[in-house]
Amino acid sequence: MCKDCGCSITEHTHEHTHDMQNVHANPQLNDAKTIEVIEKILDKNDHEASHNRAHFESHNVLAINIMSSPGSGKTALLEKFADMAKFRFSVIEGDLETSRDADRLIAKGIDAYQIQTGSACHLDAFMVHKALHHLDLEKVDVCFVENVGNLVCPASYDVGTHLNIVLVSVPEGDDKIAKYPVMFRKADLVLITKTDLLPYIDFDVEAEKKEARKLKPNVDILEMSIKDDASVQRVLNWIEFKREMR
């Protein structure tokens, strides 16, 4: 379990910790001291996240947090962006161990920095702040934060980005949005990935879209496969549109 986020305590999202009226199945969440500690952690993180956002904005950089379960295609998507994107970008990578994802991106010519979180199941604003000292934001238009593969804890931690992209892949099955609602309420864009596998896997795309919009009616949703350049280009167009809007 993560040492500092309280993930050993269920339902620890920002919304839940501030709702003192809720009665939780986990008795720890009915303890005022426990809730106070979690609130303090999140408040300090939010303050640092605001600092990170200001830092990105001072360099005219759009920052995007990419979140998903492990293996949904986050790193592969960023590798594909290296081949197709017209904007310049860097990446902050988060994993418990190894620098494999950062190494993959560096091999594609991307300025990438790896954060190894150890036991932490998410990135927080302080980790991202330290990583920013290793990137030259003057040379990029977009900075992606590829969060630790996890559909729970990353949703509760603002890392100082402007937008959240959440991936859900066809092989995961079509129940993840319903099972992990906090994550998908945070999404500005939901990417349904690995759609090239739809002929072989029972996955109801329209039902998943409906579930996502039940949680967040105005969320953008795109289907894509890295084997289909046109679908990747639609994601890049979405990012370019958000850049222009800023």
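All values below come from the heavy atoms of this structure, side chains included, with hydrogens, waters and symmetry mates left out.
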J.: Between Leu78 and Ile66, is any pair of side-chain heavy atoms under 4.5 Å apart?
T.: yes
J.: Just by distance, no angles: are the side chains of Asp111 and Ser90 close enough, under 3.5 Å, to form a donor-acceptor pair?
T.: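 Judged by distance alone, the side chains do not pair up.
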J.: Would you call the rings of His129 and His51 parallel, tilted or perpendicular if under 30° counts as parallel and over 60° as perpendicular?
T.: tilted
J.: When you compare the side chain of Asp204 with that of Glu211, does any pair of heavy atoms fall below 4.5 Å?
T.: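 When only atoms from C-beta onward are counted, Asp204 and Glu211 do not touch, as no gap falls below 4.5 Å.
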J.: Flag yes if more than 12 heavy atoms outside Asp136 fall under 6.0 Å of its CG atom; otherwise flag no.
T.: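 More than 12 heavy atoms, drawn from other residues, nucleotides or ligands, come within 6.0 Å of this atom.
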J.: Does the Asn147 side chain pair with the main chain of His122, one donor and one acceptor, at a distance under 3.5 Å?
T.: no
J.: Looking only at side chains, do Thr98 and Gln116 share a donor and an acceptor under 3.5 Å apart?
T.: no
J.: Taking atom CG as the centre, does Asn60 end up with more than 12 heavy-atom neighbours from other residues, nucleotides or ligands that are less than 6.0 angstrom away?
T.: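 Counting other residues, nucleotides and ligands, CG of Asn60 stays at 12 neighbours or fewer.
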J.: Indicate if Leu198 and Ile221 have the same hydrophobic cluster label, given that clusters are the connected sets of ILVMFWY residues with side-chain heavy-atom separations under 4.5 angstrom.
T.: yes
J.: Between Glu57 and Arg246, does at least one N-O distance fall below 4.0 Å, as a salt bridge requires?
T.: yes
J.: Within the 4.5 Å heavy-atom criterion, are Ile192 and Leu222 side-chain neighbours or not?
T.: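 They are not in contact (no side-chain heavy atoms under 4.5 Å apart), so the answer is no.
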J.: Any chance you could measure Ile239, atom CD1, to Ile64, atom CD1, to the nearest 0.5 Å?
T.: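 Spacing of CD1 (Ile239) from CD1 (Ile64) equals 4.5 Å.
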J.: What's the verdict on side chain to side chain contact (heavy atoms under 4.5 Å, CB included) for Phe87 and Leu236, showing C-alpha distance, side-chain angles and the deciding distance?
T.: CA-CA 9 Å; Phe87 54 79; Leu236 290 169; 3.7 Å; yes
J.: What is the minimum heavy-atom distance between Asn150 and Cys121, and which atoms define it?
T.: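 Looking at all heavy atoms of both residues, the closest pair is ND2-O, 2.9 Å.
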J.: Answer yes or no: is there a side-chain heavy-atom contact under 4.5 Å between Lys214 and Ile177?
T.: no
J.: One pair to check against side chain to side chain contact (heavy atoms under 4.5 Å, CB included): Val61 and Val142. What are the steps and the verdict?
T.: CA-CA 5 Å; Val61 169; Val142 178; 5.5 Å; no
J.: Is it the case that the side chain of Asp95 and the backbone of Glu97 share a donor-acceptor pair, with hydrogens and angles ignored and the cut-off at 3.5 Å?
T.: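 Not confirmed, Asp95 side chain does not pair with Glu97 backbone.
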J.: From Lys80 NZ over to Ile226 CD1, what is the distance, rounded to the nearest 0.5 angstrom?
T.: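 Separation between the atoms: 7.0 Å.
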J.: Is any side-chain N of the basic residue among Arg104 and Glu79 closer than 4.0 Å to the acidic one's carboxylate O?
T.: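 Salt bridge between Arg104 and Glu79, a charged N being under 4.0 Å from a carboxylate O: yes.
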J.: Using side-chain heavy atoms (C-beta onward) and a distance below 4.5 Å, is Ile92 in contact with Cys143?
T.: yes
J.: Would a single hydrophobic cluster contain both Val166 and Val232, if residues Ile, Leu, Val, Met, Phe, Trp and Tyr are joined by side-chain heavy-atom contacts under 4.5 Å?
T.: no
J.: Look at the side-chain heavy atoms of Ile, Leu, Val, Met, Phe, Trp and Tyr, link any pair under 4.5 Å apart, and say whether Met84 and Val140 land in one connected group.
T.: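 Not linked; separate clusters.
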J.: Just verifying a value: how many Å separate Ile165 CD1 and Leu189 CG, rounded to the nearest 0.5 Å?
T.: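 Reported to 0.5 Å precision, the distance equals 5.0 Å.
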J.: Are Lys74 and Ser68 close enough that a side-chain donor and a side-chain acceptor fall under 3.5 Å?
T.: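 The criterion, which ignores hydrogens and geometry beyond distance, is satisfied for Ser68 and Lys74.
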J.: Apply side chain to side chain contact (heavy atoms under 4.5 Å, CB included) to the pair Asp228 and Thr195, showing each step before the final yes or no.
T.: CA-CA 9 Å; Asp228 176 10; Thr195 53; 6.0 Å; no
J.: State, to 0.1 Å, how close Ala63 and Gly160 come at their nearest heavy-atom pair, and which atoms those are.
T.: CB-O, 4.4 Å
J.: What heavy-atom pair brings Leu96 and Ala120 nearest, and what distance separates the two atoms?
T.: CD1-O, 3.4 Å
J.: If I take atom CZ from residue Arg234 and atom CE from residue Met224, how far apart are they, to the nearest 0.5 angstrom?
T.: 9.5 Å
J.: Does the side chain of Asp83 come within less than 4.5 Å of Lys108's, by heavy atoms?
T.: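 Yes. Closest side-chain heavy atoms under 4.5 Å.
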J.: Determine, using the 4.5 Å side-chain heavy-atom cutoff (strictly less than), whether Met127 and Leu135 are members of one ILVMFWY cluster.
T.: yes
J.: Between Lys227 and Asp196, is there a donor-acceptor pair closer than 3.5 Å when you use the side chain of the first and the backbone of the second?
T.: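 It does not hold such a pair.
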J.: Could you pull out all residues at least two apart from Lys44 that satisfy side chain to side chain contact (heavy atoms under 4.5 Å, CB included)?
T.: Phe126
J.: Under 3.5 Å, is there a donor-acceptor pair between the side chain of Asp101 and the main chain of Glu93?
T.: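 Checked: no pair found.
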J.: Would a distance-only check, ignoring hydrogens and angles, find a side-chain to backbone donor-acceptor pair under 3.5 Å from Asn65 to Thr161?
T.: no
J.: Other residues, nucleotides and ligands only: do more than 12 of their heavy atoms fall within 6.0 Å of CZ on Arg100?
T.: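 No - once you tally the heavy atoms of other residues, nucleotides and ligands closer than 6.0 Å, there are 12 at most.
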J.: Please check this pair: side chain of Ser50 against backbone of Asp46, looking for a donor-acceptor N/O pair closer than 3.5 Å.
T.: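 At least one qualifying donor-acceptor pair exists.
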J.: Kindly indicate whether the side chain of Thr193, heavy atoms from C-beta on, has any atom under 4.5 Å from the side chain of Leu77.
T.: no
J.: Counting only N and O atoms by type, is there a donor-acceptor contact under 3.5 Å from the side chain of Asp188 to the main-chain atoms of Leu163?
T.: no
J.: Give, for atom OG of Ser231 and atom CG of Leu191, the distance between the pair rounded to the nearest 0.5 Å.
T.: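 Going from the OG atom of Ser231 to the CG atom of Leu191 covers 9.5 Å.
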J.: Is Leu197 close to Pro171 at the side-chain level, that is, under 4.5 Å between some pair of heavy atoms?
T.: yes
J.: Are Leu167 and Phe184 connected in the hydrophobic side-chain network, where two residues link if heavy atoms are under 4.5 Å apart?
T.: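 Hydrophobic grouping puts Leu167 apart from Phe184.
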J.: Taking NZ, NE, NH1 and NH2 as the nitrogens, is one of them in Asp158 or Arg53 under 4.0 Å from a carboxylate oxygen of the other?
T.: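 Arg53 and Asp158: salt-bridged.
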J.: Is Lys176 paired with Glu208 through a side-chain N to carboxylate O contact shorter than 4.0 Å?
T.: no
J.: Would you say Asn164's side chain and Lys186's backbone share a donor-acceptor pair under 3.5 angstrom?
T.: yes
J.: Check for a donor-acceptor pair, side chain of His134 on one end and backbone N or O of Tyr113 on the other, with a separation under 3.5 Å.
T.: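 Not confirmed, His134 side chain does not pair with Tyr113 backbone.
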J.: To the closest 0.5 Å, what do you measure between OG (Ser69) and CG (Leu151)?
T.: 4.5 Å
J.: Do Asp229 and Gln233 pair up side chain to side chain, a donor and an acceptor below 3.5 Å, judged on atom types alone?
T.: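 No, Gln233 and Asp229 have no side-chain donor paired with an acceptor closer than 3.5 Å.
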J.: Provide the closest heavy-atom pair for Ala82 versus Ile110 in the form atom of the first, atom of the second, distance.
T.: CB-CD1, 3.6 Å
J.: Going by distance alone, is a donor N or O of one side chain under 3.5 Å from an acceptor N or O of the other, for Thr75 and Glu146?
T.: yes
J.: Can you confirm whether more than 12 heavy atoms, excluding those of Phe241, are under 6.0 Å from its CZ atom?
T.: no
J.: Got a donor-acceptor contact below 3.5 angstrom from the Glu172 side chain to the Ser169 backbone?
T.: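 Yes, the answer is positive, given that a donor and an acceptor are paired below the 3.5 Å cut-off.
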J.: Start with the C-alpha gap between His55 and Leu137, add the side-chain angles, then the distance that decides, and say whether side chain to side chain contact (heavy atoms under 4.5 Å, CB included) holds.
T.: CA-CA 9 Å; His55 187 67; Leu137 295 183; 3.7 Å; yes
J.: Using 30° and 60° as the class boundaries, would you call the ring planes of Phe81 and Phe144 parallel, tilted or perpendicular?
T.: tilted
J.: How close do Ala49 and Ala125 get, counting heavy atoms only, and between which atoms?
T.: N-CB, 3.5 Å
